[in-house]
Amino acid sequence: MRRVCVYCGSSPGRGDGYRTLARSMGAALAERGLGLVYGGASIGLMGEAADAALAGGTEVIGIIPTVVQDREVAHTGLTQLICVNTMHERKTLMAERADAFVAMPGGLGTLEELFEILTWAQLGMHDKPVGLLNGEGYFDGLVAFLDHCVAEELIQPRHRALLRVANDPATLLDQLAASGELG
Ligand code: AMP
């Protein structure tokens, strides 16, 4: 089965909107028979996405470094929980195990993961599609900033185009599938 790596917050975010979005992402993966690869936490939006994917009956692989295992409360109900030593090992393994990447609303960790996987694509280190799930308009400012970077000629249009953006999980997964990797 093909798998999607989802980066998202270890916090739930304000209100219910982000939690609902994370659950709908997990459910959309399961509906398509796609496995989830993520950071292995049971808390925040990470936990919501994992729970929804598991409830939908799909495979969920969590990859968690021992240093954050307590803080992020490692999920004990996953198909597979892989404990690693460092954040770098986590990101490498997440990248290896997945066929596509989705960043959902999250904080610094999520942003760091998104930009690392995008810069790896820019350098030609992988050709797996990367998507941004802009639910609740959370990333409106970021998307506008990336377009500003292109206008200022500091990001090439073809590199900006590496990031597909959609407001809902189904549309985003369709876009990623259309790029060939998940089709
Ligand atoms: P956040 O978006 O800050 O809530 O964090 C989301 C996830 O990213 C959490 O599981 C963090 O442990 C993880 N994270 C934060 N910084 C890094 C990093 N440098 N490398 C890998 N994962 C990270």
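Just so you know, these numbers come straight off a predicted model, no measurement behind them. As the structure lists them, so they are numbered: ligands from 1, and atoms in each ligand from 1. When a residue number appears, it is its place in the shown sequence, counting from 1.
The nearest non-hydrogen atom to atom 13 (C) of ligand 1, considering only Lys91, Glu112, Arg90, comes from Arg90. Nearest to atom 6 (C) of ligand 1 by heavy-atom distance, out of Ser11, Gly106, Cys8, is Cys8.
When non-hydrogen atoms are compared, ligand 1 lies under 4.0 Å from the side chain of Met46 (C-beta onward) but not from its backbone.
Looking only at protein heavy atoms, the nearest one to atom 12 (O) of ligand 1 is Glu72 OE2, 2.4 Å. For atom 22 (N) of ligand 1, the nearest protein heavy atom (residue, atom name, distance) is Glu113 OE2, 3.3 Å. Among all non-hydrogen protein atoms, the one lying nearest atom 23 (C) of ligand 1 is Met87 SD, 3.7 Å. Nearest protein heavy-atom contact of atom 5 (O) of ligand 1 is Gly109 CA, 3.7 Å.
Side chain of Arg3 to main chain of Asp99: no donor-acceptor pair is present (N/O by atom type, distance under 3.5 Å, no hydrogens or angles). Under the 3.5 Å distance criterion, the side-chain polar atoms of Arg90 are matched with a main-chain donor or acceptor of Ile63. Arg160 places a side-chain N or O within donor-acceptor distance of the main-chain N or O of Leu163, the cut-off being under 3.5 Å.
Across His75 and Leu81, no two heavy atoms sit closer than the pair O-CD2, 3.8 Å. Contact between Glu89 and Asn85 at its shortest, heavy atoms only, is OE2-CB, 3.2 Å.
Counting atoms of ligand 1 from 1 in the listed order, those under 4.0 Å from a heavy atom of Ser10 are 1 (P), 4 (O), 5 (O), 6 (C). Counting atoms of ligand 1 from 1 in the listed order, those under 4.0 Å from a heavy atom of Gly9 are 2 (O), 4 (O).
Heavy atoms of Glu116 come nearer than 4.0 angstrom to ligand 1 in no pair at all.
Aromatic ring orientation, Tyr7 versus Phe101: parallel (interplanar angle below 30°, classes split at 30° and 60°).
Leu108 CG: 12 or fewer foreign heavy atoms inside a 6.0 Å radius.
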